[in-house]
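Right, one structure below, let's go through it.
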Amino acid sequence: MTTPTLITIAPTGAESAKSEVPALPVTLDELVSTARECEALGAAVIHVHIRDAEARPTLDLGRLRDTVAALREQTNLIVQLSTGGAVSDPESDRLRVLDAEPDMASCTMGTVNFGDDVFMNRWEFIVELHTRMRERGIVPEYEIFDLGQLTTLRRLLDKYGPPAGGHVHVDLVMGVPGGMPGTAEALVSCLRDLPDGATFSATGIGRSTIPVMLASLSAGGHLRVGMEDTISYAKGQPVESNMQLVARAVGFARLAQRPPMPAGEARALLEVKSRG
Ligand code: KMH
Ligand code: ZN
């Protein structure tokens with residue numbers, strides 16, 4: 001039996017500057033039209049970071065609420081807000097993201113060196129995020145930047161119970177300078193430590209995007225792609241749009257005889273509440 005491929009688009013992130021990457025969607029209009037086009041190509045989930053009027057990363061609650069509403073109105077995608085934000089965002093702002101009531105939110109399983117910066121995720125903060133998502137019925141995507149963070153996830157689930165909906169979904173974020181490498185070997189070594197019954201997607205940062213995509217497809221995993229993670233399509237060739245990355249992922253998924261999973265099926269798999 002073929003397992004369809006859940007494709008997540010991560011179109012913006014918090015790291016690239018619009019002035020250096022003009023194709024990055026930073027306004028609400030740009031985000032919504034990107035979301036619509038990526039959905040038409042085969043994406044089922046959107047992982048969202050937003051920007052302010054000057055295109056700087058922000059966790060402004062009003063803007064987050066407007067973004068969730070617009071994406072719900074104009075797409076059928078599962079809306080996943082980032083609680084990771086930017087490395088400089090305080091914990092209080094990151095927790096407040098949940099007040100925008102997304103379908104899903106990211107929940108990172110530990111602190112990691114992040115290039116020259118540190119992406120801080122203290123144990124107490126992780127517990128708070130997980131617990132608040134449980135209380136509010138927001139389905140987490142557990143972000144894993146290094147092997148040991150899977151052990152942290154198992155500890156979290158053992159001590160504080162399963163997530164909202166009961167299904168555990170993990171995203172392996174590979175190739176961050178400071179985290180696990182974006183290689184097939186690293187991906188395979190993560191499989192042993194996944195919680196029982198968990199599904200996983202994987203994304204490779206920068207030039208690890210293709211090896212990670214192929215490794216994930218062959219290991220039964222799902223895919224996350226987008227300009228949050230990759231701004232080069234090939235050596236010396238900047239990404240033209242998020243749609244270009246989704247189209248490539250869909251092509252690889254079809255070659256692997258694992259066609260894109262429609263959003264309705266993804267909602268059932270991830271135990272995300274259906275809307276109204
Ligand atoms: N921007 C990174 C510091 C997430 O979205 O939850 C964190 C990140 C993970 O992108
Ligand atoms: Zn993110």
Side-chain angles (χ1 to χ4, degrees), residues 7-18 21 24-26 31 34-35 38 43 45-52 55-60 63-64 67-68 71 77-98 100 102-122 125-126 128-130 132-133 138-146 149 152-153 156 163 169-180 182 200-206 208-209 212 222-231 242 245:
I7 297 179
T8 298
I9 174 68
T12 308
E15 281 71 39
S16 292
K18 177 77 169 174
V21 186
L24 203 67
V26 296
L31 182 67
T34 297
C38 290
V45 178
I46 185 164
H47 170 86
V48 180
H49 291 252
I50 60 164
R51 301 292 175 102
D52 66 13
R56 292 175 305 218
T58 178
L59 295 178
D60 178 82
R63 279 181 182 267
L64 286 170
T67 302
V68 171
L71 288 170
L77 292 169
I78 296 170
V79 180
Q80 179 191 107
L81 291 183
S82 166
T83 66
V87 286
S88 50
D89 285 322
E91 290 178 352
S92 55
D93 290 5
R94 293 172 58 190
L95 288 168
R96 201 174 51 228
V97 167
L98 303 180
D103 302 315
M104 294 182 78
S106 58
C107 184
T108 296
M109 284 299 104
T111 296
V112 64
N113 285 322
F114 199 82
D116 295 340
D117 296 306
V118 176
F119 179 31
M120 185 69 88
N121 294 283
R122 297 179 312 115
F125 174 71
I126 292 170
E128 189 63 31
L129 207 46
H130 170 82
R132 289 194 194 190
M133 282 195 232
I138 298 170
V139 173
E141 176 178 271
Y142 297 108
E143 308 293 339
I144 305 295
F145 288 76
D146 221 335
Q149 293 182 4
T152 302
L153 172 58
L156 181 74
H169 182 68
V170 163
D171 181 45
L172 306 174
V173 186
M174 311 184 73
V176 168
M180 63 182 150
F200 75 98
S201 59
T203 182
I205 304 300
S208 70
T209 185
V212 166
H222 301 281
L223 304 179
R224 171 174 126 172
V225 294
M227 295 179 74
E228 172 165 347
D229 301 336
T230 322
I231 51 174
N242 280 286
L245 295 172

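Please read these numbers as outputs of a predicted model, since none were measured by experiment. The first residue of the sequence shown is numbered 1, and numbering continues consecutively from there. Just follow the structure's listing: the first ligand is 1, and inside any ligand the first atom is 1.
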Leu95 CG: over 12 foreign heavy atoms closer than 6.0 Å
yes

Under 3.5 Å: donor-acceptor pair, side chain of Asp93, backbone of Leu59:
no

Tell me the closest heavy-atom pair linking Met109 and Ile144, and the distance in Å.
CG-CD1, 3.7 Å

Using non-hydrogen atoms of the residue, decide whether Gly85 is closer than 4.0 angstrom to ligand 1.
yes

OE2 (Glu228) to the Zn ion (ligand 2) to NE2 (His49), nearest 10°, is 100°

Heavy-atom nearest neighbour of atom 10 (O) of ligand 1 within options His47, Glu228, Glu15
Glu228

Plane angle bin for Phe145 and Phe119 - parallel if under 30°, tilted between 30 and 60°, otherwise perpendicular:
perpendicular

Run the numbers for me: atoms of ligand 1, each under 4.0 Å from some heavy atom of Gly84, listed by number.
4 (C), 6 (O)

For the residue pair Thr34 / Asn242, report whether a side-chain donor-acceptor contact shorter than 3.5 Å exists.
no

Which atom, among the N/O/S set of His47, is closest to the Zn ion (ligand 2)?
NE2

Shortest protein heavy-atom distance from atom 6 (O) of ligand 1, along with the residue and atom involved
Ser106 OG, 2.6 Å

Scan side-chain atoms only and decide if His47 and Thr8 contain a donor-acceptor pair under the 3.5 Å cut-off.
no

the protein heavy atom lying closest to atom 5 (O) of ligand 1 turns out to be Ser82 OG, 2.7 Å

Which of the atoms of ligand 1 are close to His49, meaning less than 4.0 Å from one of its heavy atoms?
1 (N), 5 (O), 10 (O)

